[in-house]
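Excluded from the calculations below are hydrogen atoms, water molecules and symmetry mates; all remaining heavy atoms, backbone and side chain alike, are included.
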Amino acid sequence: MAEDYVPCDSNNHALNMKEGAKDSLVVCFGEMLIDFVPTVGGVSLAEAPTFKKAPGGAPANVAVGISKLGGSSAFIGKLGDDDFGYMLSDILKQNNVDNSGVRFDSTARTALAFITLRADGEREFLFFRHPSADMLLQESELDINLLEQARIFHYGSISLISEPCRSSHIAAMRIAKKSGSILSYDPNLRLALWPSAEAAREGIMSIWEQADVIKISEEEITFLTGYDDHTDDKVVLDKLFHPNLKLLIVTEGSEGCRYYTKEFKGRVPGVKVKPVDTTGAGDAFVGGMLSNLAFNLNLFEDEKLLREALLFANACGAVTVTERGAIPALPTKEAVLKLLGKVSPGWKAQT
């Protein structure tokens with residue numbers, strides 16, 4: 001099915017992400033942590049014989065994903081004043097992510113998460129945040145200059161769970177919006193981290209109407225709306241599409257994604273691969289999408305370019321699931337183009 005989508009010859013923004021990168025900064029805000037992933041697949045956390053440590057945290061994953069694709073990104077968040085914290089900050093720098101907005105806390109540790117893909121295909125999470133450093137970012141620690149430079153400001157909902165990070169998150173949104181940034185929101189529901197399901201629902205929706213771009217999963221549609229049929233366009237548009245929203249994306253895993261704007265809606269199929277670990281796939285998708293959007297805000301109005309960008313984003317997610325971990329598995333532009341070349345012979349890289 002992917003053969004239907006062939007890029008433009010001269011304006012394919014999925015391929016030209018180096019030029020003008022400094023003018024297309026994406027600033028990602030929130031948590032960065034250590035993921036511990038089993039060295040074998042298909043087991044529960046208790047059954048795993050050993051674990052491999054890998055950097056993770058959705059906003060940080062997106063920042064690295066954008067940079068590895070040739071875009072310009074920065075990360076704002078807080079880490080522990082510990083070996084893991086400095087390791088994570090160094091990993092951002094090694095991946096050409098601006099880490100000048102990273103702060104360190106001497107009173108709390110860097111967050112840890114144990115993640116596995118069970119034999120039934122479901123992911124299992126175990127978090128250590130009691131509290132972790134990311135939860136303690138103060139509004140006074142925000143890098144205002146960095147926020148004001150952002151063409152896109154991207155965030156999730158985990159940073160809304162507790163103070164003082166919640167107030168810092170809202171302040172950062174306000175600064176970025178005032179400076180003309182596009183606000184990008186991926187709720188990235190992790191129910192186990194919230195006090196209750198109702199608190200999660202309220203927290204996620206509390207900033208919903210301020211976002212310009214929202215990416216959600218099918219499971220999140222059901223959770224947020226209370227409707228079991230996550231494929232019902234009417235439910236999505238009535239319950240989740242707000243007047244200020246420019247683009248709503250629903251990811252469908254390996255099946256691809258759906259998109260909704262004020263002018264049009266549709267679906268772009270996924271790129272088929274043999275999955276090894278789905279950790280970070282959604283973040284890779286977001287990185288692929290925002291890399292394109294940062295260079296061409298007209299994606300909101302041009303359905304053909306939007307579909308090309310979404311196919312590229314789908315391929316970013318597909319490459320990521322072929323390796324273990326999140327950040328280590330995030331693809332380069334070359335890896336994405338190679339995969340797209342296999343499934344769509346008409347897709348050729350620009351030189």
Given side chains that start at C-beta, do those of [X] and [Y] come closer than 4.5 Å, heavy atoms only?
X	Y	answer
Leu224	Met205	yes
Thr322	Lys274	no
Ser168	Glu141	no
Leu305	Asn292	no
Ile34	Met87	yes
Lys178	Arg174	no

What's the shortest heavy-atom distance between [X] and [Y], and which atoms?
X	Y	value
Leu245	Leu240	CD2-O, 4.1 Å
Val276	Glu323	CB-N, 4.3 Å
Ser73	Ala63	OG-O, 2.7 Å
Leu306	Met289	CD1-CE, 3.8 Å
Leu79	Ala133	C-CB, 3.2 Å
Leu137	Ile76	CD2-CG2, 4.4 Å

Donor-acceptor contact present, side-chain [X] to main-chain [Y], <3.5 Å:
X	Y	value
His242	Ala211	yes
Thr39	Lys52	no
Ser291	Gly71	no
Ser181	Ala176	yes
Lys215	Val286	no
Lys246	Thr261	no
Asp98	Ser100	yes
Arg151	Ala294	yes
Asp134	Gly77	no
Ser157	Pro187	yes

Pairwise distance [atom1]([X]) to [atom2]([Y]) - rounded to 0.5 angstrom:
X	Y	atom1	atom2	result
Ile91	Gln94	CD1	CD	6.0 Å
Asp83	Asp90	CG	CG	10.5 Å
Leu88	Glu31	CG	CD	12.0 Å
Tyr227	Thr222	OH	OG1	12.0 Å
Asn296	Asn298	CG	CG	4.5 Å
Asp105	Lys78	CG	NZ	4.0 Å

Salt-bridge criterion met for [X] and [Y] (N-O under 4.0 Å):
X	Y	answer
Arg267	Glu252	yes
Lys338	Glu334	no
Glu139	Arg166	no

Is the ring pair [X]/[Y] parallel, tilted or perpendicular, if the boundaries are 30 and 60 degrees?
X	Y	value
Tyr86	Phe104	parallel
His130	Phe128	perpendicular
Phe114	Phe36	parallel

Give a yes-or-no answer on whether the side chains of [X] and [Y] include a donor-acceptor pair shorter than 3.5 Å.
X	Y	answer
Tyr259	Glu303	yes
Asp82	Thr110	yes
Ser67	Asn95	no

Going by the side-chain hydrogen bond (donor to acceptor under 3.5 Å, both in side chains) test, name the single residue among Thr320, Asp35, Asp283 that passes it with Asn61.
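So the option named by the test is Asp283.
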Report the C-alpha separation of Gln210 and Lys177 in whole Å, then their side-chain angles, then the decisive distance to 0.1 Å, and conclude whether the side-chain contact (heavy atoms from CB on, under 4.5 Å) test is met.
CA-CA 9 Å; Gln210 296 176 56; Lys177 190 70 172 179; over 6 Å; no
Ring pair (Phe, Tyr, Trp, His ring centres under 6.0 Å) with Tyr155: of Phe29, Tyr185, Phe75, only one passes, and it is Tyr185
query = Has Arg201 got its NZ or CZ under 6.0 Å from the middle of the six-membered ring of Phe223, at an angle within 45 degrees of the ring axis?
reply = yes
Checklist line | Enclosure of Ile144 CD1 (heavy-atom neighbours >12, cutoff 6.0 Å) | finding: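 No - once you tally the heavy atoms of other residues, nucleotides and ligands closer than 6.0 Å, there are 12 at most.
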